[in-house]
Amino acid sequence: MTAQDFILKSYNTNIEKGSVKWSSPSNIALVKYWGKKEHQIPENPSISFTLSNCKTITELTYTKKEGDDFSFDVYFEGEKNEAFKPKIQTFFERIEQYMPFLRDYHFKIDTENTFPHSSGIASSASGMSALALCLMSVEEELGGDYSNDYFNKKASFLARLGSGSACRSIEGELVVWGANESTESSDLFGIPFDGQVHENFKNYQDTILLVDKGEKQVSSTVGHKLMYGHPFAQQRFSQAHDNLAKLKTVLTSGDLETFVKIVESEALTLHAMMMTSMPYFILMKPNTLDIINRIWKYREEHKSNVCFTLDAGANVHLLYPESEQTAIHEFIETDLAKYCQNEHFIHDFAGKGSQLIKN
Ligand code: PMV
């Protein structure tokens, strides 16, 4: 498929108003996306677990209007919010060529997250995917008659133009984004992982340890740019291809030991890229390192398969098989919670992706 396939060619101009509502979760990458080309095309492939509990719920109300401007209001948790508007304006500008009806309506975007606002959890993946799904439901209402497959692909295609990693939140439990030789894939949208998944990876658990609930120190826009002219960029991009190929085998065989090695190495590589770029950043906090050391010690002592991954920040995602849930919850409560801000953590697990709430 090419981008041209996502252009809406004609639509019913007689629909006056309506409203739709979707929920869409966050996701956590195992092989990381870090570095992009023009039009939000990733420099390397990535794969993530779609989450379940950490999600955005968005209601989109549309009313026919006069005039040629984009017109929308954003409400966050019931209150009018101006801060989100520039990002949504940019999103509308990027997707307009695929959704020519955007200037015909005034949109009220009513959105809330299930996770606390200042938790340091990036809401762009869940937020942008929820909005893309709502817009797809509007498009369908205006006459698009779509198969589930096309609907999901276009929703993911649009979400990508809002925030790259958002394209991996439409479906679950494992989603690949970025052209590669090992899996069915595209640079334009996320695709559910096409390989067999071993029982060990079903309902995989992710507890997010909130080490730093503050604003992100480096926005991902700035972060991705750090990979332009980065001395290790090409090496890193080819490593991501290798790691995805290895992970594919591991996901099928159920080899947890190798899974742990690939996932932790990916997280540390992401941070190594930030430490070796110009300008350079250290996004881990002392407690991030303490937690990593505690995990390594616990794994050694308990012959456990718990491991960590990190996004572009200080929070730690603790990943573990469902079979270890009771033991790891105890480990978190008795040992790891004290390294979290206000002892705050969120239990989550791999899920099936977005859900239509109202059409
Ligand atoms: O979607 P963005 O542009 O916010 O980039 C997210 C990048 C990481 O979260 C660090 C990695 C990933 O693949 O999700």
Side-chain angles (χ1 to χ4, degrees), residues 24-51 54 56 84 87-88 90-91 94 119-132 156-170 172 174-180 185 187-191 193 206 208 212 215-228 230 233 236-237 239-241 243-244 247 262-275 277 281-284 288 308-317 319 348 350:
S24 191
S26 185
N27 67 71
I28 180 67
L30 305 172
V31 172
K32 306 287 180 184
Y33 152 57
W34 199 240
K36 64 179 166 183
K37 304 176 198 163
E38 227 190 338
H39 306 305
Q40 304 274 101
I41 298 300
E43 287 276 14
N44 65 257
S46 56
I47 181 168
S48 50
F49 272 127
T50 307
L51 296 180
C54 292
T56 298
F84 291 154
K87 223 180 160 188
I88 294 172
T90 306
F91 178 52
R94 285 182 189 162
S119 57
I121 298 182
S123 58
S124 61
S126 55
M128 282 298 172
S129 53
L131 183 54
S156 173
F157 173 87
L158 298 170
R160 185 194 97 243
L161 293 169
S163 170
S165 61
C167 78
R168 298 187 312 235
S169 279
I170 308 295
L174 284 154
V175 177
V176 176
W177 168 43
N180 73 86
S185 58
D187 277 340
L188 299 178
F189 45 81
I191 299 180
F193 173 63
D206 177 5
I208 307 160
D212 182 8
E215 278 283 306
K216 275 209 224 170
Q217 194 185 324
V218 182
S219 72
S220 37
T221 312
V222 171
H224 291 292
K225 283 200 185 125
L226 297 174
M227 291 306 278
Y228 285 118
H230 190 295
R236 159 60 197 154
F237 300 146
Q239 178 198 42
H241 282 266
N243 279 343
L244 181 61
L247 200 58
I262 296 170
V263 169
E264 291 192 346
S265 165
E266 274 290 319
L268 294 178
T269 301
L270 170 71
H271 281 252
M273 289 299 110
M274 285 180 267
M275 287 192 232
S277 55
F281 297 95
I282 299 180
L283 300 186
M284 291 188 214
T288 313
F308 70 86
T309 188
L310 308 164
D311 272 340
N315 294 337
V316 180
H317 287 249
L319 299 175
D348 211 335

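Position 1 is the first residue of the sequence; numbering continues from there. Remember, it's 1-based here, ligands and their atoms both numbered in the order they're listed. Quick caveat, the model's predicted, so the values are computed rather than measured.
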Student: Run the numbers on Ser163 and Lys87 for side chain to side chain donor-acceptor pair (under 3.5 Å), then give the verdict.
Tutor: CA-CA 10 Å; Ser163 170; Lys87 223 180 160 188; 4.7 Å; no

Student: Got more than 12 heavy atoms from elsewhere within 6.0 Å of CD1, Ile41?
Tutor: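 Yes, enclosed.
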
Student: Under 6.0 Å from the ring centre and within 45 degrees of the ring axis: does the NZ or CZ of Arg160 meet both conditions for the six-membered ring of Phe157?
Tutor: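 So Arg160 does make the cation-pi contact.
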
Student: Do the side chains of Ile47 and Val175 get nearer than 4.5 Å, heavy atoms only?
Tutor: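 No, side chains not in contact.
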
Student: Is a side-chain N or O of Ser156 found less than 3.5 angstrom from the main chain of Cys167, in a donor-acceptor match?
Tutor: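 Here the side-chain-to-backbone pair exists.
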
Student: For Asn180, enumerate each residue passing the side chain to side chain donor-acceptor pair (under 3.5 Å) test, keeping only those at least two apart in sequence or located in another chain.
Tutor: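 Residues passing side chain to side chain donor-acceptor pair (under 3.5 Å) with Asn180: Thr183, Ser185.
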
Student: I'd like the contact residues of ligand 1, where contact means a heavy atom below 4.0 Å.
Tutor: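 If the criterion is a heavy atom under 4.0 Å, then ligand 1 touches Ala29, Lys32, Tyr33, Trp34, Ser163, Gly164, Ser165, Arg168, Ser220, His224, Leu270, Asp311, Ala312.
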
